[in-house]
Amino acid sequence: MDKLIRQADDPRTVDGVSMDWWHRRSAYVEQRLGELPAGVRILRPESLFCDAARCYAVKDAKALYFDDDHMSTYGAGLVAHRRRGGAAARTAKPAAH
């Protein structure tokens with residue numbers, strides 16, 4: 001994370017990965033979501049951390065990630081706030097047995 005910030009032209013907004021990369025990395029999990037029990041809420045942080053082309057490590061001068069794989073306290077707070085509001089979340093469909 002520190003390396004990304006130091007290398008960025010503007011440290012207030014630091015690119016992380018492409019949306020294509022995000023979707024490839026998430027594909028396995030996405031395929032398995034239907035197996036979750038009914039009522040499990042699925043939160044999609046990409047709606048908070050990404051635009052149409054990129055996912056960001058830092059946005060609006062605030063770090064979204066602590067390291068390569070873990071949200072910062074600020075990033076986790078954005079997800080928690082969204083969770084309380086209900087947007088960007090859906091309830092899993094019952095698993096087929």
Side-chain angles (χ1 to χ4, degrees):
M1 182 63 146
D2 290 338
K3 184 177 177 182
L4 283 174
I5 293 170
R6 284 193 305 273
Q7 292 175 345
D9 292 331
D10 181 356
R12 294 171 295 176
T13 302
V14 179
D15 286 355
V17 298
S18 70
M19 278 298 287
D20 185 53
W21 183 94
W22 177 281
H23 288 295
R24 284 193 320 270
R25 185 172 190 223
S26 304
Y28 175 78
V29 171
E30 289 290 331
Q31 292 169 359
R32 308 294 303 251
L33 291 178
E35 299 173 20
L36 294 171
V40 171
R41 293 191 55 90
I42 299 162
L43 302 174
R44 299 202 182 297
E46 67 267 24
S47 66
L48 297 166
F49 297 172
C50 308
D51 60 24
R54 307 284 313 162
C55 295
Y56 297 92
V58 177
K59 193 171 182 183
D60 300 325
K62 295 189 172 51
L64 300 174
Y65 285 90
F66 173 75
D67 60 20
D68 291 351
D69 297 312
H70 300 94
M71 286 182 263
S72 67
T73 303
Y74 176 77
L78 289 176
V79 173
H81 178 73
R82 179 65 60 95
R83 164 58 181 99
R84 287 190 298 273
R90 71 169 177 84
T91 302
K93 295 178 183 173
H97 296 289

So do [Y] and [X] actually touch side chain to side chain, heavy atoms under 4.5 Å?
X     : Y     : answer
Arg82 : Leu43 : no
Arg83 : Arg41 : yes
Glu30 : Arg44 : yes

Starting at [atom1] of [X], measure out to [atom2] of [Y] and round the result to the nearest 0.5 Å.
X     : Y     : atom1 : atom2 : answer
Cys50 : Trp21 : SG    : CH2   : 10.0 Å
Phe66 : Thr73 : CZ    : OG1   : 8.5 Å
His70 : Asp67 : NE2   : CG    : 5.5 Å
Asp60 : Tyr74 : CG    : OH    : 6.5 Å
Leu78 : Ser72 : CG    : OG    : 7.5 Å

Arg25: partners by side chain to side chain donor-acceptor pair (under 3.5 Å), with sequence neighbours left out
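Per chain and number, Arg25 pairs via side chain to side chain donor-acceptor pair (under 3.5 Å) with Asp69.
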Which residue pairs pass the ring pair (Phe, Tyr, Trp, His ring centres under 6.0 Å) test when at least one of the two sits in residues 25-47, sequence neighbours left out?
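As it turns out, there is no ring pair (Phe, Tyr, Trp, His ring centres under 6.0 Å) pair with a partner in residues 25-47 once direct neighbours are skipped.
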Can you confirm if the aromatic rings of Phe49 and Tyr65 lie within a centre distance of less than 6.0 Å?
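Centroid separation for Tyr65 and Phe49: below 6.0 Å.
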Where Pro45 and Val79 come nearest, the two heavy atoms and their spacing:
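Between these two residues, the closest heavy atoms are CB-CG2, 4.1 Å.
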Tell me whether Leu64 is reachable from Met19 by hopping between hydrophobic residues (I, L, V, M, F, W, Y) whose side-chain heavy atoms are closer than 4.5 Å.
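The answer is no; the residues belong to distinct hydrophobic clusters.
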